[in-house]
Protein chains: 2
Amino acid sequence: MMIERYSQILVEFFERMNSWEHGIVADRGISLPQMHLLEVVGNHGQIRMKDLASRMGVTTGTLTVMAHRLVTKGYLVKEKDPEDNRSSFVTLSVKGRREYEMHHHLHGHLIEEIVSFLGDERAASFFKDLEEIRELM
Amino acid sequence: MMIERYSQILVEFFERMNSWEHGIVADRGISLPQMHLLEVVGNHGQIRMKDLASRMGVTTGTLTVMAHRLVTKGYLVKEKDPEDNRSSFVTLSVKGRREYEMHHHLHGHLIEEIVSFLGDERAASFFKDLEEIRELM
DNA sequence: TGCAAATAGTTTGAATGTCAAGCTATTGAC
DNA sequence: GTCAATAGCTTGACATTCAAACTATTTGCA
């Protein structure tokens, strides 16, 4: 039965990706959730704490703690919104941006490998499928 | 540039899968890592602690704690190996197996949706690509 | 045989991630 | 001007995770 087989492929793909990601992040002294935060801020630019929490899928309580750690370690800058004193914005520091770029570059490198392995046409159809499946979930 | 675009699709696919998995596990009072343990034991049957730790990609110290929690909650059974008194085997309890089957079933259901969306042919080629990319990483 | 090295697992301490709930301060609406 | 909504913070509880130190057992070899 194909269902069983496909199921296993998907699960193992997910695990592999997880450990790939973990591997490239671990020796830089950053955790996966921390890198994820840097990624979201890097992609978005200046972002409100509230919005960041919602994009990351964590509560604001969780984010308060995480962001504070990253500010302390020098990856993140946090500033009050002068228009609304309840609110804060975070951005990447120079150090944070360097880390983000490096990570982003590694992603790009992986994609290049995939494309060069599949060839342009198959790659296009693969990523199209992947995108549509994402919508499906 | 396609690389940027593909990169984003892959990252977002990963995030989506993560939260899908989290969603279906959360309301059953089990964490993702715990479910992962149940999955590995369920797929493998009786397995030695050492081997389980290695398959899960955690240290034996981590596993000792996790397994103990799952034994306490009644999902897992742990027995000494009579041939080697240093070693133990774990298996799913009836309750654990029920949880495993349920989860496995949900995976199957997702795959069915994907296949019915893509059609047999595109699905076959998609999962073939996915499998080969997994090897690539 | 007997002892040293290897192996399986446990314990502990430290750091992180996570949530829910309750809290403070500020803003907005009527 | 007051009251509700909003943004964020704090705290307490629990889970994940590792490294390092430890115990018990087995195995290899001199």
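Labels below follow one simple rule: chain letters A, B, ... track the order of the sequence lines, proteins then strands, and each chain is numbered from 1. Side-chain atoms are counted along with the backbone in the values below, which use heavy atoms only and exclude waters and symmetry mates.
Residues B:Val77 and B:Val71 fail the side-chain proximity criterion, which asks for heavy atoms closer than 4.5 Å. A 4.5 Å side-chain heavy-atom check between A:Leu110 and B:Met137 finds at least one atom pair inside the cut-off. The shortest distance between side-chain heavy atoms of A:Val90 and A:Leu37 does not fall below 4.5 Å.
Here salt bridge (Lys or Arg N to Asp or Glu O under 4.0 Å) pairs that include residues 21-38 of chain A, with residues two or more places apart or in two chains, are A:Arg28-A:Glu99. Contacts classified as side-chain hydrogen bond (donor to acceptor under 3.5 Å, both in side chains) and involving residues 71-81 of chain B (residues at least two apart or in different chains) are given here: B:Arg48-B:Asp81. Within the structure, ring pair (Phe, Tyr, Trp, His ring centres under 6.0 Å) pairs that include any residue of residues 27-73 of chain B do not occur (at least two apart or interchain). Among pairs with a residue in residues 100-119 of chain A, those fulfilling salt bridge (Lys or Arg N to Asp or Glu O under 4.0 Å) read A:Arg97-A:Glu101, at least two apart in sequence or across chains. Sorted by first then second residue, the salt bridge (Lys or Arg N to Asp or Glu O under 4.0 Å) pairs that include residues 116-130 of chain A, not counting sequence neighbours, are A:Arg122-B:Asp129, A:Arg122-B:Glu132, A:Lys128-A:Glu132, A:Asp129-B:Arg122.
The salt bridge (charged side-chain N to carboxylate O under 4.0 Å, His left out) search around A:Arg86 returns A:Asp84, not counting sequence neighbours. Every residue meeting the salt bridge (charged side-chain N to carboxylate O under 4.0 Å, His left out) condition with B:Glu131, not counting sequence neighbours, appears here in chain and number order: A:Arg5.
A chain of hydrophobic side-chain contacts below 4.5 Å, direct or via other Ile, Leu, Val, Met, Phe, Trp or Tyr residues, connects B:Trp20 to A:Ile9.
Within residues 40-64 of chain A, the residues having any heavy atom closer than 4.0 Å to DNA chain D are, in order of number, A:Arg48, A:Met49, A:Lys50, A:Thr60, A:Gly61, A:Thr64. DNA chain D lies under 4.0 Å from at least one heavy atom of each of the following residues of residues 66-87 of chain A: A:Lys78, A:Arg86, A:Ser87. Contacts between residues 10-36 of chain A and DNA chain C, counted as heavy-atom distances below 4.0 Å, involve A:Ser31, A:Pro33, A:Gln34.
The 12-atom threshold is exceeded at CZ of B:Arg134, counting heavy atoms of other residues, nucleotides or ligands nearer than 6.0 Å. Within 6.0 Å of CD in B:Glu39 there are more than 12 heavy atoms belonging to other residues, nucleotides or ligands.
Taking all atoms of both residues into account, the shortest heavy-atom contact from A:Tyr6 to B:Ile111 is CB-CG2, 3.6 Å.
Taking the nucleotide of DNA chain D with the nearest heavy atom to each of A:Val65 and A:Ser88, the more 5' of the two is matched to A:Ser88.
Nucleotides of DNA chain D that come within less than 4.0 Å of any heavy atom of chain A span, from the 5' end to the 3' end, D:dA5 to D:dT10.
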For DNA chain C, the dot-bracket notation using Watson-Crick and G-U wobble pairs below 3.5 Å, [ ] for pseudoknot-type crossings and | for other-strand pairs, is ||||||||||||||||||||||||||||||
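Distance check: A:Glu4 CD to B:His107 NE2 gives 11.0 Å after rounding to the nearest 0.5 Å.
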